[in-house]
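Remember, it's 1-based here, ligands and their atoms both numbered in the order they're listed. Reckoned from all heavy atoms, side chains included, excluding hydrogens, waters and symmetry mates.
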Amino acid sequence: MTELKLVFDEPVQKKKAPRHLADMTPEERREVSKEMGLPAFRGTQVATHYFTHLSDNPDEWTDIPQDLRATIAEKFTPKLIELVTTRTTDNGMTRKDLWKLHDGVLVESVLMLYPDRATVCISSQAGCGMNCPFCATGQGGLTRNLTAGEITEQIVAAARVCASGALPVGQTRLSNIVFMGMGEPLANYNPVIQTLKNITLPNPDGLGISARSVTVSTVGLVNGIEKLTEEGINCTLAVSLHTPDDELRDSLVPINERFKIREVLAAADAYEKKTGRRYSIEYALIRDINDQSWRADLLGRLLKSRNAHVNLIPLNPTPGSKWTASRREDEQEFVRILESYGVPVTVRDTRGREIDGACGQLAASEKAKN
Ligand code: SF4
């Protein structure tokens with residue numbers, strides 16, 4: 001197995017984020033508890049409060065002696081993210097939260113409510129080093145990787161909002177998680193894997209959400225996909241392809257200069273073979289750039305014998321950008337051609353356009369105000 005090497009330098013955090021129980025394995029939680037001179041089970045108790053009851057409020061931890069609660073909270077649940085703004089749209093069915101981290105860095109998460117599910121889209125990095133020219137996040141570069149605690153906190157916050165009954169659908173349960181916010185998850189590999197464990201381990205060690213309800217999206221870091229294949233976490237893999245030809249992809253998704261389409265699809269095929277999970281191909285439709293019928297034809301030929309599903313995403317234009325969404329008729333023709341090859345295809349509903357919905361836009365507009 002190839003060892004994952006990050007393709008860009010690891011960004012250094014000036015001041016490290018405090019360690020949180022979500023950065024620890026269940027065993028480490030028990031160890032930390034013992035190091036504090038407490039019985040190991042206190043580590044499990046605090047994880048139960050956090051993952052099962054979604055509580056980081058020591059006043060609610062009634063099974064822990066009152067005089068210990070503050071010390072335990074300080075050690076296990078330090079405050080990692082602080083809500084800066086919430087914007088809602090679609091009659092409250094889409095909610096975008098902007099979070100400030102301990103060092104002032106801003107990241108976003110988006111909660112989307114559907115009749116049958118509640119999905120949160122989370123950020124795994126502050127900014128992104130992949131430099132895709134059509135993406136707001138890519139334009140700002142990579143600020144730093146998030147810790148597992150910082151990623152997990154976005155998910156637990158969304159789960160709390162769902163459980164609170166304050167949403168238009170009343171009380172509900174967070175059911176799906178997608179790593180499609182700011183950042184390239186596989187370029188922040190270990191914290192993302194720890195987060196996947198926090199999501200999928202049963203209570204009290206994790207949130208107990210099925211891996212089938214979790215999607216990890218990548219721009220095509222082949223060594224990361226290979227490593228993920230070996231983890232045995234059967235989440236859904238989404239590959240942001242955006243075009244079926246290397247020539248255009250080299251400029252649309254610059255990492256393509258290192259990992260060509262053929263290699264990316266081979267790695268996704270191997271993932272599908274090992275996990276039995278159909279993967280998805282993400283394709284942002286950009287007017288007159290990658291939405292021609294011949295490209296739909298080429299994509300159809302590439303995918304017709306693969307267990308893949310295409311998600312077409314009408315591009316959400318970023319302010320001042322020359323890139324814009326495809327014409328309706330070109331989008332429909334693209335779908336028709338893919339279907340003629342028997343390739344399953346959906347056009348993604350673009351939630352949150354009115355609230356700076358493209359990844360990175362809310363953080364970018366907030367930064368511009370300061
Ligand atoms: S599209 Fe995704 S991978 Fe590319 S720069 Fe934006 S966040 Fe990064």
> Among side-chain atoms of N311 and S280, is any donor-acceptor pair under 3.5 angstrom?
Replying inline: no
> Which part of N131 is near ligand 1, with near meaning a heavy atom under 4.0 Å away: side chain, backbone, both or neither?
Replying inline: backbone
> Among R19, K75, K197, K34, which one satisfies salt bridge (Lys or Arg N to Asp or Glu O under 4.0 Å) with E28?
Replying inline: R19
> Taking 2.8 Å as the cut-off, does an N/O/S atom of C135 lie below it from atom 8 (Fe) of ligand 1?
Replying inline: no
> Using 4.0 Å as the upper bound for N to carboxylate O, is an ion pair formed by D269 and R306?
Replying inline: yes
>> Listing request: all ring-ring contact (aromatic ring centres under 6.0 Å, His included) pairs with a residue in residues 278-303, at least two apart in sequence or in separate chains.
In response: Y283-F334
> Just which atoms of ligand 1 are under 4.0 Å from any heavy atom in M130?
Replying inline: 3 (S), 8 (Fe)
> Where's the contact between C128 and ligand 1, heavy-atom distance under 4.0 Å: side chain, backbone, both or neither?
Replying inline: side chain
